Each structure stands twice: as structure tokens, then as C-alpha cells.
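Everything on this sheet refers to the single structure shown next.
The structure presented is a predicted model; accordingly, all values stated were derived computationally and were not measured. Just follow the structure's listing: the first ligand is 1, and inside any ligand the first atom is 1. This chain uses plain numbering: 1 for the first residue, then up along the sequence.
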Amino acid sequence: MALNVIMMGPPGAGKGTQAERFARERNLLKVSTGDILREAIKAETPVGRTAKATMEQGRLVDDPTMIAIVRERLMQPDAMQGFVLDGFPRTVAQARALDRIMTERDGGPLIVVDIVVPERDLVRRLAYRRICSSCGANADPFDPTESADRCKRCGGEFIQRTDDSEDVVLRRLKVYEHDTRPLVDYYKDRPTFRIVDGAQAPERVAQELAAVIDSAAAAREPRRAARLPRVDNRMEPQL
Ligand code: ADP
């Protein structure tokens, strides 16, 4: 059965790390809008050229651009067995568009996981975050062999993301509060909405995440059954 998961949470909550891991373990397509945009910037595509300044300022790229990118990706055949979305939706307009895409795909409901981390932890995590300048992987802050400045996967150099500087981080957190946190209200009453404590060690977060996703996948079944036509004998006309 297709698992369609979105990872929500503020910048630095660990969405990317967890999305990558869960997608690998379950053999699902991972779609990270941040990675797609960073690749577009590197390749100097038209989207990359317009997105660059916006991202460096910690602001959101416009909804029509983001919706077009995600729609194009999720409608491809390899996305039909399920996906893990990291970084989308980030606005209510994007969430509405995603609901429309899901209806078009007709591939089962969305499982929404909100990774919750206190703000003081986020600021600290983002200040220390290093990514590989070549493959984009996060340096593992818990791995002592990666404390050097080279990526274990490809040997690339670890650098700070341009949008992880302190002033841009504060802007991104503000943008999150204003534009993205309202999504919790948008999703919270769905039977497939779950919360995970992201302040724990990554391993623990991964375990909790897998457990809540499985429970959410099971929770959607009764909803389906409820939609089947009901046979109610009391309504039979008396002959
Ligand atoms: P983080 O979750 O740590 O903020 P991302 O890599 O997901 O990092 O995103 C980096 C930047 O890319 C965002 O600050 C924003 O400028 C842009 N971006 C990514 N996804 C979206 C989106 N869905 N809508 C608008 N902008 C986006």
C-alpha cells in the first residue's frame, strides 16, 4: 500500500535527515524542495536564478513556482508507490494545492508528521549545521569521524549553508511562525496527523517517526470502510 508522507516542522527540526532515512528504509521516493532549489541554483536554471536571492534572505519562494515543481514530480510514475515530502507544503495555499494533487493521483491519503523542537535548540542546531558542498549531505554532528571537514560519502568539503547565518536563521524562524505553523491547524483534525518529539537523539526520533507513520497508515482504514454504502435493515419498506 502506498505511503504518502509529509514531514513538517521548523528549520533545523531534522526533517531532511529523517525524510532521507525513512524513504531509504521503506524504498519510497524522497522529494526535498530545498534540495531541488539548491540544485536549480547550482545549475543556474531560470528557477534557480530567481530563487537564489529569495533563499539567501530566508524568505519563501513563491507558491506557483513551488506548486509547479512539486506537482511535476509527484505526477511521475515513480512517485505512485508513495513518497516522503520534505519542505513542502510551507503555506496554506501549497497545502490546498497538495490536496488537489492527491485527488488527481488518487493514491491514498496523506500522512502528516509534525516534528516538534523548542526554538532555542533550533537556533543552536542551525548555527552548527554543516553540509557537503558537493553532494549536499548534512554532516553528522554525532559522528566523531565527520567532525573533520570532509564528507564521508563523496569526500566533498563541509561548508555552512548560506542561509544558516544567524540573521537569516532568525528570519527563517519568523517566516516559519507566520506562514508555515498555521498548517498545523490545517491538518491537525485529520486522522492521519501525528506529532513527533524532535528534541530526542536522531535514532530515537527515527524510531518514533516510523511507529507513528505505521499507526497513521492503519488509522486511515476505518475511514475508508465508513464510506462504503451501509445496509440498514430498519430502512427496508414494510410490505
Ligand atoms: P529548512 O527546512 O532548514 O528551512 P530547506 O532546505 O527545506 O531548509 O529550505 C531552504 C529554503 O528553500 C527556504 O528557506 C525557502 O527559501 C526555500 N523553500 C524550500 N521549500 C519551499 C517551499 N515549499 N515554499 C517556498 N520556499 C521554499
Is any side-chain heavy atom of I67 less than 4.5 Å from a side-chain heavy atom of Q94?
-> yes

Given salt bridge (Lys or Arg N to Asp or Glu O under 4.0 Å), test D114 with K15 step by step and report yes or no.
-> CA-CA 9 Å; D114 188 24; K15 301 183 295 285; over 6 Å; no

So, R21 versus Q18: side-chain donor-acceptor pair below 3.5 Å or not?
-> no

Taking atom CD1 of I159 and atom CZ of R130, what is their separation to the nearest 0.5 Å?
-> 9.5 Å

Under 4.0 Å between heavy atoms, the region of V61 that gets near ligand 1 turns out to be both

Note: V70, heavy atoms under 4.0 Å from ligand 1, region reported as neither

Which option out of M8, R125, Q94, R38 puts a heavy atom nearest to atom 6 (O) of ligand 1?
-> R38

Report the member of K52, M55, R90 with the shortest heavy-atom distance to atom 9 (O) of ligand 1.
-> R90

Give yes or no for whether the N/O distance cutoff of 3.5 Å, strictly under, is met between D35 and ligand 1.
-> no

Purely on distance, is any nitrogen or oxygen of R59 under 3.5 Å from one on ligand 1?
-> yes

Counting only N and O atoms by type, is there a donor-acceptor contact under 3.5 Å from the side chain of K42 to the main-chain atoms of S134?
-> yes

Name the option, out of G87, G16, A19, that contains the heavy atom nearest to atom 23 (N) of ligand 1.
-> G87

Any N or O on T33 sitting closer than 3.5 Å to an N or O of ligand 1?
-> yes

About how many Å separate CE of M66 and CG of L37, when rounded to the nearest 0.5 Å?
-> 4.5 Å

Whether R150 side chain and G155 backbone form a donor-acceptor pair below 3.5 Å = yes

Look at atom 10 (C) of ligand 1 and say which protein heavy atom is nearest, naming residue and atom and giving the distance to 0.1 Å.
-> R161 NH2, 3.6 Å

Report whether V5 and F193 are members of the same hydrophobic cluster (ILVMFWY, side-chain heavy atoms less than 4.5 Å apart, transitive linking).
-> no

Heavy-atom proximity to atom 2 (O) of ligand 1 ranks first, among K15, Q57, M66, R171, for K15

Taken to the nearest 0.5 Å, the spacing of E119 CD from E177 CD works out to 6.5 Å

Specify the protein heavy atom at minimum distance from atom 17 (C) of ligand 1: its residue, its atom name, and the distance to 0.1 Å.
-> L37 CD1, 3.5 Å

Atom 3 (O) of ligand 1 has as its nearest protein heavy atom R172 NH2, 2.8 Å

Residue D163 vicinity, atoms of ligand 1 by number, heavy atom under 4.0 Å = 10 (C)

